[in-house]
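When a ligand or atom number is given, it counts from 1 through the structure's own listing order. All heavy atoms count here, side chains included; hydrogens, waters and symmetry mates do not.
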Amino acid sequence: MRLTVAVLAILALAIGASAQQTGLYPSFPYCQCTKTPSAYRLSPTVTSTGAGTYCFTLSAKVPAGCTHKCCKADLKKIEFNVNDACDVFSPSLKATINGVRTKVAPAINKAQNGPVGSTTLVLTQLGLGLGNDGAQVCITLGLNKNGKGCTTLEELCVPPAGMPAGVCTAALFDSQNDCCPLSQANVPSPPPPSPPPPSPPPRCEVCAYIALVDPENNAPFPYAFSADECDSYAQTLIDDITAQAGDAGATIVTPFAKVDCQERLIKVCGEFFSNEEGALIQDWIGEQVSVWNDMVTGGQCPAYLSGYSVVTAVGGDGSDVNSLPMSCLNAFKSTACAPETVDFPKCQCTTKAFATPFAVKPMMSEMAGPSKDTTSYCFELAVVAPANPGSACGKTSTVNKAEFFADDTKRRQIKSIGIKPAGAAGYKWVAPSWGAVGDQTLKVTLGWSTAQAAGGRICLELYNTTSLDDFCMGAAMDTCWLNLFDTTRNCCPLYTSSLV
Ligand SMILES: *[C@@H]1O[C@H](CO)[C@@H](O)[C@H](O)[C@H]1NC(C)=O
């Protein structure tokens with residue numbers, strides 16, 4: 001019994017549905033009417049004014065020579081082919097013509113003679129005619145009280161076969177429902193975003209370095225670049241690279257600038273427009289690193305760089321000049337600084353540096369001399385751990401004398417020698433004393449204890465008519481050689497010192 005009721009109920013539903021929608025006309029507008037000719041159409045472009053409002057523009061133009069009744073008909077009703085899903089209870093719908101609400105609110109209906117599910121949105125009693133060319137017909141879509149409904153044309157309209165969502169088909173009916181020209185309209189999709197502009201080539205960051213490298217701790221006295229030296233060397237790197245890039249047409253996008261001044265590392269960096277442009281000066285920079293090294297070493301390294309390797313390197317952004325990241329420009333030049341060999345002293349004694357506890361610092365200084373036409377060039381002594389403390393030289397406790405490798409044809413260019421043991425209030429200026437002609441040996445007696453030697457100073461007072469470079473022997477610029485003798489004259493470690 002129950003079963004029978006259920007079956008009957010299903011049958012009744014099925015019959016009811018088919019009774020409502022006959023399927024007589026399988027396609028929109030689901031009725032028998034004349035689609036063409038006609039004076040009416042909706043222009044294909046819909047404007048969306050936001051908040052679910054879409055406006056269609058009516059075109060009312062009688063085709064030339066048309067005498068068909070549909071060319072003279074009025075326009076009473078517009079139907080849109082819409083999705084079944086939009087047929088919700090009491091949908092929020094509104095329509096206006098040229099801003100005035102339509103007499104009858106739009107409605108969503110099942111199409112009586114359409115197939116099952118066919119649905120239309122109907123705007124009727126519009127009262128339009130051939131005089132309404134250009135009329136704005138707007139519909140506003142919204143959700144019902146339960147939050148259901150269709151709010152966009154994409155949701156609302158059944159697009160014509162092969163068309164994307166959002167394209168609506170409308171039929172424009174006259175009062176007799178005899179004429180039903182079809183129109184298609186949609187909101188034009190925004191133009192596809194223009195392809196992003198071609199991304200610029202990757203920049204090429206280049207850094208140039210000048211470093212003093214001493215991995216084996218060969219430099220007995222550590223040297224640090226002064227701020228002035230760093231500024232001056234960095235500026236040379238910057239100026240040279242910038243000028244060469246300009247000549248080669250290599251565009252620098254980030255100007256080269258000093259980025260680091262450490263005690264033994266100078267670094268400048270900049271950016272080229274591209275790897276290709278940076279590479280335009282590769283050949284030049286491969287040669288230029290030698291030029292920059294010579295700028296630091298002066299050809300023959302100064303005494304204070306002895307034991308260091310001067311390294312000029314070009315590459316990416318790094319900190320160790322021996323393993324820089326690769327860049328579009330890469331170069332490397334290392335110069336090991338060792339003192340030259342000199343034929344001095346002219347006597348037999350142990351000349352090895354650090355044979356005794358007494359040494360001469362490799363940096364010397366200059367100051368105005370005690371007379372108005374002289375300049376003093378000053379050496380400073382240091383007390384060090386001797387290389388072999390148990391040896392006779394290693395046990396030395398007195399610096400008896402210093403002897404300089406000097407040009408003895410310039411005997412008249414030196415006025416005096418200033419000596420100032422550590423702790424003394426001032427210099428004592430003594431007459432210079434020379435060895436035999438041709439020995440190139442200038443002598444000064446010291447007789448200093450260890451305490452007096454640690455920081456003790458010796459100055460050569462030269463007339464301004466000569467220079468230290470002329471006066472002292474040896475190839476390196478502004479560099480002098482001197483021995484420090486013990487009392488036995490068996491120990492005479494030889495040192496070299498350069499003006500900084
Ligand atoms: C000699 O040189 C020193 C600087 O080293 C300077 O102070 C002095 O004025 C110079 N004397 C003359 C007469 O030019």
Side-chain angles (χ1 to χ4, degrees), residues 221 223-233 235-236 294-306 337 339-340 342 344 359-382 399 401-435 440-446 448 452-484 494-500:
F221 293 95
Y223 183 74
F225 290 123
S226 68
D228 284 353
E229 271 179 308
C230 179
D231 285 348
S232 143
Y233 291 153
Q235 198 57 50
T236 301
D294 289 349
M295 160 179 78
V296 177
T297 64
Q300 172 65 46
C301 294
Y304 48 80
L305 294 185
S306 269
C337 281
E340 63 185 311
V342 290
F344 187 77
V360 178
K361 289 191 176 171
M363 289 151 269
M364 56 183 295
S365 58
E366 134 184 44
M367 61 184 189
S371 304
K372 66 175 187 345
D373 56 348
T374 60
T375 300
S376 292
Y377 300 93
C378 301
F379 302 82
E380 188 177 324
L381 270 57
V399 199
K401 257 183 172 192
E403 293 189 0
F404 296 86
F405 188 26
D407 182 353
D408 70 8
T409 67
K410 302 219 160 57
R411 286 173 187 237
R412 293 183 185 286
Q413 300 296 331
I414 181 163
K415 188 172 184 202
S416 71
I417 300 178
I419 52 179
K420 182 172 173 279
Y427 285 92
K428 184 173 128 194
W429 298 93
V430 301
S433 148
W434 291 83
Q440 321 280 37
T441 304
L442 171 68
K443 308 175 175 189
V444 64
T445 299
L446 302 172
W448 288 351
Q452 289 175 312
R457 287 165 68 89
I458 308 169
C459 301
L460 304 181
E461 185 197 8
L462 303 187
Y463 289 105
N464 285 3
T465 48
T466 194
S467 69
L468 184 73
D469 204 36
D470 284 342
F471 186 80
C472 284
M473 302 291 284
M477 198 157 83
D478 290 336
T479 297
C480 298
W481 290 87
L482 69 161
N483 303 96
L484 297 178
L494 179 62
Y495 295 99
T496 176
S497 190
S498 303
L499 268 184
V500 288

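Taking the six-membered ring where the residue is Trp, the centroids of Phe404 and Phe379 are separated by under 6.0 Å.
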- request: Go through the steps to decide whether Tyr427 and Arg457 satisfy the test side chain to side chain donor-acceptor pair (under 3.5 Å), and finish with yes or no.
  value: CA-CA 8 Å; Tyr427 285 92; Arg457 287 165 68 89; 2.7 Å; yes
N/O pairs closer than 3.5 Å, ligand 1 and protein:
residue	atom	partner	partner atom	Å
ligand 1	2 (O)	Thr375	OG1	3.0
ligand 1	2 (O)	Asn464	OD1	3.1
ligand 1	2 (O)	Asn464	ND2	2.6
ligand 1	5 (O)	Thr375	OG1	2.6
ligand 1	11 (N)	Lys372	O	2.7
ligand 1	11 (N)	Asn464	ND2	2.6
ligand 1	14 (O)	Asn464	ND2	3.3

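One N or O on the side chain of Ser498 and one on the backbone of Ala303 form a donor-acceptor pair closer than 3.5 Å.
To the nearest 0.5 Å, atom OG of residue Ser416 and atom CD of residue Glu461 are 3.5 Å apart. With values rounded to the nearest 0.5 angstrom, Ile419 atom CD1 is found 12.5 Å from Cys378 atom SG. Atom-to-atom distance recorded for Arg411:CZ and Phe471:CZ is 10.0 Å, nearest 0.5 angstrom.
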